[in-house]
Amino acid sequence: MRIQCSFHFLWKDKKRTMKQSMLLCCKLYISESRNKEALDSIEQAAKLDSETVIVNKFEDRAYNRVRYTLVSYVAHDSTGCPIYSPLQQTILAMVEAAYAAINLELHLGAHPRLGVVDDIVFHPLARASLDEAAWLAKAVAADIGNRFQVPVYLYAAAHPTAKALDSIRRELGYYRPNFMGCQWAGWALPEALPEKPDEGPLLVTRARGIVMIGARPWVVTYNVPILSTDVSAARRIAQMVSARGGGLPTVQTLGLVHGEDSTEIACMLLEPNQIGVDRVQNRVEMLAAQEGLEVDKGYYTDFSPEMITERYMKLISSD
């Protein structure tokens with residue numbers, strides 16, 4: 001009995017150590033935010049494994065899009081190779097629930113997307129590595145491609161040549177609205193894909209679309225509201241803020257309609273320690289002033305890695 005008790009406590013200590021040190025974060029983007037029943041079913045699926053925790057949820061009804069931020073540990077074999085993370089089955093359960101509850105053909109929103117499950121990205125936290133995040137991204141991609149017969153494109157550290165997400169999206173027509181010049185409705189591309197996916201079939205199921213899956217170091221998402229309905233002006237500002245348009249290095253942007261009376265510059269800061277949100281905010285304000293437009297203070301769409309880790313630790317310690 002004493003040996004069994006000792007083993008029980010040693011195993012609990014080992015799991016506690018794993019949970020505290022080797023952590024991976026997954027951000028799961030789903031093309032829906034207005035259908036509460038669909039979101040409830042997705043969130044219910046996430047509760048099947050108590051070792052994975054949803055630490056944040058960001059909904060945007062104008063974009064008709066939701067992002068779940070999830071965290072769990074990664075375990076290794078005796079050689080140090082990653083072999084298991086509770087995140088894998090939790091993400092698959094949520095993806096399955098999303099495909100059962102959402103039809104892309106009926107979806108309409110002001111944010112670009114190419115799938116019911118539009119993007120899944122893994123980030124290392126704590127002492128985990130980018131290689132471990134990439135391992136999990138590739139495992140989830142293979143599962144989704146095989147189990148759900150959905151084309152999957154890998155990007156960043158999960159891709160053999162580290163292909164950038166925005167490059168793949170550009171090739172597939174992600175950034176081109178197909179409704180009223182500023183909205184995305186249904187599936188608007190050919191069912192035969194122009195680029196071969198890394199996993200899954202070559203043909204698209206219009207109700208599900210395709211999914212991007214990647215692994216990368218931490219990025220910051222930060223949106224700046226423009227107090228104008230002039231989407232053309234928002235797009236000009238976004239272009240001049242972005243690295244692609246000759247603006248701030250490592251910053252990617254979109255100028256989008258956001259609700260009935262405003263637009264927004266949606267920003268992704270790929271290296272936030274080099275180019276922070278203050279520089280982004282200042283650049284947007286300067287360019288908007290040149291257009292004769294007012295700007296609101298921008299907002300983060302997620303917590304910092306430190307806050308996410310802290311929230312995870314608090315939530316698992318209450319189990």
Side-chain angles (χ1 to χ4, degrees), residues 2-28 46 48-55 68-96 117 119-148 150 152-165 168 197-200 211-219 270-271 273 305-306 308-313 315-317 319:
R2 186 174 300 166
I3 293 174
Q4 288 179 334
C5 288
S6 297
F7 176 80
H8 174 72
F9 286 119
L10 283 170
W11 174 239
K12 286 187 69 175
D13 286 344
K14 183 179 180 182
K15 290 184 74 175
R16 187 178 297 113
T17 300
M18 284 192 297
K19 289 179 181 180
Q20 291 174 355
S21 59
M22 301 291 192
L23 300 180
L24 294 176
C25 173
C26 175
K27 297 193 177 187
L28 172 63
L48 297 178
D49 189 333
S50 62
E51 292 187 315
T52 300
V53 176
I54 295 178
V55 295
Y68 295 100
T69 303
L70 302 100
V71 177
S72 193
Y73 64 86
V74 57
H76 303 75
D77 64 16
S78 58
T79 67
C81 293
I83 56 171
Y84 172 73
S85 173
L87 271 171
Q88 184 172 352
Q89 292 307 315
T90 301
I91 295 302
L92 291 175
M94 295 176 75
V95 167
E96 183 174 23
V117 179
D119 183 20
I120 305 174
V121 60
F122 293 90
H123 302 288
L125 293 175
R127 288 170 45 222
S129 69
L130 187 56
D131 286 343
E132 289 159 334
W135 162 78
L136 186 52
K138 288 182 278 190
V140 169
D143 286 340
I144 290 176
N146 293 328
R147 185 185 302 187
F148 304 118
V150 170
V152 180
Y153 291 87
L154 295 172
Y155 68 88
H159 187 273
T161 63
K163 193 168 184 179
L165 174 61
I168 301 169
D198 297 287
E199 299 285 354
V211 58
M212 311 287 176
I213 301 181
R216 64 189 347 169
W218 193 261
V219 300
L270 301 184
E271 296 186 26
N273 291 331
E306 295 77 16
I308 286 172
T309 301
E310 182 181 348
R311 287 173 68 91
Y312 168 77
M313 296 309 302
L315 287 166
I316 62 165
S317 64
D319 289 348

- Do Val152 and Asp198 touch side chain to side chain, with heavy atoms closer than 4.5 Å? no
- Message: Can you tell me how far apart CD (Glu310) and CG (Leu315) are? Round to the nearest 0.5 Å.
- Response: 10.5 Å
- Message: Test of understanding: with side chain to side chain donor-acceptor pair (under 3.5 Å), list the residues that count as partners of Ser85, not counting sequence neighbours.
- Response: none
- Looking only at heavy atoms, the pair that brings Glu51 and Tyr84 closest together is OE1-OH, 4.3 Å
- Message: Show the nearest heavy-atom pair for residues Tyr73 and Leu23, with the distance to one decimal.
- Response: CA-CD2, 4.0 Å
- Message: Using side-chain heavy atoms (C-beta onward) and a distance below 4.5 Å, is Asp49 in contact with Gln89?
- Response: no
- Task: Grab the two heavy atoms, one from Leu24 and one from Pro124, that are nearest each other, plus how far apart they are.
- Result: CD2-CA, 3.9 Å
- Item | For Pro217 against Leu130, the heavy-atom pair lying closest together | N-CD1, 3.8 Å
- Item | Short side-chain to backbone donor-acceptor contact, His76 and Ile83, under 3.5 Å | no
Show me the donor-acceptor pairs within less than 3.5 Å that the side chains of residues 134-146 make with the rest of the protein, sequence neighbours left out.
residue: Asp143; atom: OD2; partner: Gln88; partner atom: NE2; Å: 2.7
residue: Asn146; atom: ND2; partner: Ala142; partner atom: O; Å: 3.0

- Query: Side chain of Glu132, backbone of Ser129: donor and acceptor closer than 3.5 Å?
  - Reply: yes
- Task: Kindly say whether Ser72 contributes a backbone atom to a donor-acceptor pair with the side chain of Thr52 at under 3.5 angstrom?
- Result: no
- Task: Determine whether Leu165 and Tyr153 make a side-chain contact, defined as any pair of heavy atoms from C-beta on separated by less than 4.5 Å.
- Result: no
- Task: Look up atom OG1 in Thr309 and atom CG in Leu125, then write down how far apart they are to the nearest 0.5 Å.
- Result: 4.5 Å
Run the side-chain donor-acceptor check on residues 157-164: report pairs under 3.5 Å with partners two or more places apart or on a different chain.
residue: His159; atom: ND1; partner: Thr161; partner atom: N; Å: 2.9
residue: His159; atom: ND1; partner: Thr161; partner atom: OG1; Å: 3.1
residue: His159; atom: ND1; partner: Lys163; partner atom: N; Å: 3.4
residue: Lys163; atom: NZ; partner: Glu171; partner atom: OE1; Å: 3.0
residue: Lys163; atom: NZ; partner: Glu171; partner atom: OE2; Å: 3.1

- Message: Is it the case that the side chain of Arg216 and the backbone of Ala156 share a donor-acceptor pair, with hydrogens and angles ignored and the cut-off at 3.5 Å?
- Response: no
- Item | Spacing of Phe122 atom CZ and Leu28 atom CG [to the nearest 0.5 Å] | 8.5 Å
- For the residue pair Leu70 and Met94, what are the closest heavy atoms and their distance? CD2-SD, 3.6 Å
- Evaluate the side-chain proximity of Trp218 to Asn273: yes if any heavy-atom separation is below 4.5 Å, no if none is. no
